[in-house]
Amino acid sequence: MLIKRGYVMKKETLTLRFKGENDIDIETLSKSLDCVVAVLGKIADSSISENDFCKFKVKNIEKGSFMITIEQIVDMATVLFPLMPPILESFNSIVELKKNLGGQMPVEVIHEGNNTIVKSCVGNVTYIDNRTYNLYTRDSSIEKCLSELSKTISEDGERTGFSIAVTDDKTVKTVEMDKDDLIRTRNPIDVESLNGDITEQEATGVLTVRKPDLLGNSKWQFKFLGRTINADIEDENFLKKVKEKEISFPLVSKLNAKMRVRLKNGDPISYTVIEVKSYE
């Protein structure tokens, strides 16, 4: 840890081990890293301010299965440092929770002080800090990315498992997932329903496309009723046309769509496009 002129630089490392052969299929590696980077970006966006600095870089690639070490560097004001959520540790905790849930909704969630205790249907108990739990349950894209990660690795016949290890100074925290764990966690669960008292309603309207998700690993950004929103799209027919480039952007700028809106205490917290009725 380095302190310089009112700022502190802190380094952590995340080691990804793809168990099995030393060589790895390029598509497995590419898709897996896309998922990991997307989740790390979500955590970083919620953890540091726009005036602070954070970057991730590949530090080392080794044999022995197939192993990649990613280094995280955070540079932020020392006055805020004690409050800084550890980004890689949060990632580790979310992966551990997902593994322990095994693709099923929890049977009990208990909030106790600064921690949340999550009990799975098979008796696994996970302790996770409230900030990390709230981040995970309010943004379904994290769960979807991790499910895609499990799906990608489990479908590679040369992979026997996957592990992540976070190193901070001399502490190492590891989460191991074997083939069965990966298969169990390949389908996303409805994490947003775990975040307090949630109600749902349907809405139909015109969405102005601000930023499409052409890679399928994040949310679409729209303008709706004068506000910017981020939304998932479940309309497989529409997504297929986008993937096959029958629909292209920015030639298409507006979608007439039916949406599912989730609300907490009457305020919208997420949007999902159920059906795209037309576009122009």
Side-chain angles (χ1 to χ4, degrees), residues 34-52 54 85 87 90-91 94 98 130-149 187-280:
D34 281 346
C35 294
V36 170
V37 170
V39 175
L40 292 178
K42 290 285 185 182
I43 298 172
D45 287 345
S46 71
S47 301
I48 62 175
S49 74
E50 60 183 15
N51 297 320
D52 301 318
C54 176
I87 297 168
S90 294
F91 178 78
I94 290 172
K98 182 169 177 59
N130 291 334
R131 291 173 301 180
T132 303
Y133 178 81
N134 290 336
L135 171 63
Y136 175 54
T137 56
R138 74 168 179 246
D139 188 346
S140 63
S141 67
I142 292 177
E143 167 69 3
K144 289 178 180 178
C145 282
L146 292 178
S147 293
E148 184 64 25
L149 176 65
N187 295 317
I189 63 172
D190 186 9
V191 292
E192 289 182 351
S193 67
L194 301 175
N195 192 5
D197 297 324
I198 305 295
T199 58
E200 289 186 358
Q201 64 182 35
E202 287 191 357
T204 302
V206 176
L207 304 174
T208 301
V209 180
R210 296 285 297 274
K211 186 170 69 173
D213 171 28
L214 301 180
L215 298 177
N217 59 8
S218 63
K219 292 177 182 284
W220 292 61
Q221 189 177 93
F222 301 104
K223 199 79 173 180
F224 178 62
L225 298 179
R227 65 187 298 180
T228 299
I229 67 169
N230 296 305
D232 294 310
I233 295 183
E234 292 182 349
D235 188 329
E236 294 295 335
N237 185 50
F238 174 79
L239 293 175
K240 181 180 179 183
K241 290 180 179 179
V242 172
K243 184 177 181 180
E244 296 177 352
K245 298 184 179 179
E246 292 182 31
I247 301 174
S248 60
F249 303 90
L251 293 178
V252 170
S253 61
K254 294 184 179 180
L255 308 181
N256 179 21
K258 179 192 292 186
M259 291 189 296
R260 180 172 63 250
V261 184
R262 285 193 163 174
L263 306 100
K264 184 174 182 179
N265 299 323
D267 296 321
I269 59 171
S270 72
Y271 299 83
T272 302
V273 175
I274 304 169
E275 177 186 3
V276 177
K277 296 178 176 293
S278 62
Y279 47 85
E280 60 184 62

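The structure presented is a predicted model; accordingly, all values stated were derived computationally and were not measured. We're numbering straight along the sequence, starting at 1.
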Novice: Is any side-chain heavy atom of Ile43 closer than 4.5 Å to a side-chain heavy atom of Ile94?
Specialist: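 Counting from C-beta outward, Ile43 and Ile94 do come under 4.5 Å.
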Novice: Got Tyr279 and Val209 here, is their nearest side-chain heavy-atom distance under 4.5 Å?
Specialist: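 Contact flag for Tyr279/Val209 side chains = no.
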Novice: Taking Pro212's backbone N and O only, do any of them form a donor-acceptor pair with Gln221's side chain (distance below 3.5 Å, no angle check)?
Specialist: no
Novice: Would you say that Glu280 contacts Leu255 through its side chain, given a criterion of any heavy-atom pair below 4.5 Å between the two side chains?
Specialist: no
Novice: Kindly indicate whether the side chain of Met259, heavy atoms from C-beta on, has any atom under 4.5 Å from the side chain of Glu202.
Specialist: no
Novice: Say whether, by atom type as modelled, one donor and one acceptor occur between the side chain of Asn134 and the main chain of Asn130 under 3.5 angstrom.
Specialist: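 Yes; at least one donor-acceptor contact below 3.5 Å.
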Novice: Rounded to the nearest 0.5 Å, how far does OG1 of Thr272 lie from CD1 of Ile274?
Specialist: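 Here the interatomic distance stands at 7.5 Å.
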Novice: Checking Lys98 against Ser147 for the side-chain hydrogen bond (donor to acceptor under 3.5 Å, both in side chains) test, could you report, in this order, the C-alpha distance in whole Å, the side-chain angles of both residues, the deciding distance, and whether it holds?
Specialist: CA-CA 9 Å; Lys98 182 169 177 59; Ser147 293; 3.0 Å; yes
Novice: Supply the atom-to-atom distance Ser90 OG to Leu40 CG, rounded to the nearest 0.5 angstrom.
Specialist: 10.0 Å
Novice: Return yes if a side-chain donor-acceptor contact under 3.5 Å exists between Ser278 and Lys254, otherwise no.
Specialist: no
Novice: Side-chain donor-acceptor pairs under 3.5 Å in residues 225-243, sequence neighbours left out?
Specialist:
residue : atom : partner : partner atom : Å
Thr228  : OG1  : Arg210  : NH1          : 3.3
Asp232  : OD2  : Ser140  : OG           : 3.2
Asp232  : OD2  : Lys144  : NZ           : 3.0
Asp232  : OD2  : Lys219  : NZ           : 3.0
Glu234  : OE2  : Arg260  : NH2          : 2.9
Asp235  : OD1  : Asn237  : N            : 3.2
Asp235  : OD1  : Phe238  : N            : 3.1
Asp235  : OD2  : Val276  : N            : 2.8

Novice: Could you check if a side-chain atom of Lys42 sits within less than 4.5 angstrom of a side-chain atom of Ser141, using non-hydrogen atoms only?
Specialist: yes
Novice: Using side-chain heavy atoms (C-beta onward) and a distance below 4.5 Å, is Arg138 in contact with Ser270?
Specialist: no
Novice: Hey, is the main chain of Asp190 close enough, under 3.5 Å, to the side chain of Ser193 for a donor-acceptor pair?
Specialist: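 A pair under 3.5 Å: yes.
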Novice: Under the side chain to side chain contact (heavy atoms under 4.5 Å, CB included) criterion, do Asn256 and Thr204 qualify, and how do the steps go?
Specialist: CA-CA 7 Å; Asn256 179 21; Thr204 302; 4.2 Å; yes
Novice: Quick one: are Phe249 and Leu214 in side-chain contact, heavy atoms under 4.5 Å?
Specialist: yes
Novice: Would you call Ile142 and Phe91 a side-chain contact if the rule is heavy atoms closer than 4.5 Å?
Specialist: no
Novice: Using every non-hydrogen atom in the two residues, find where Val206 and Phe224 come nearest and quote the distance to one decimal.
Specialist: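 For Val206 and Phe224, the tightest heavy-atom pair comes out as O-CD1, 3.7 Å.
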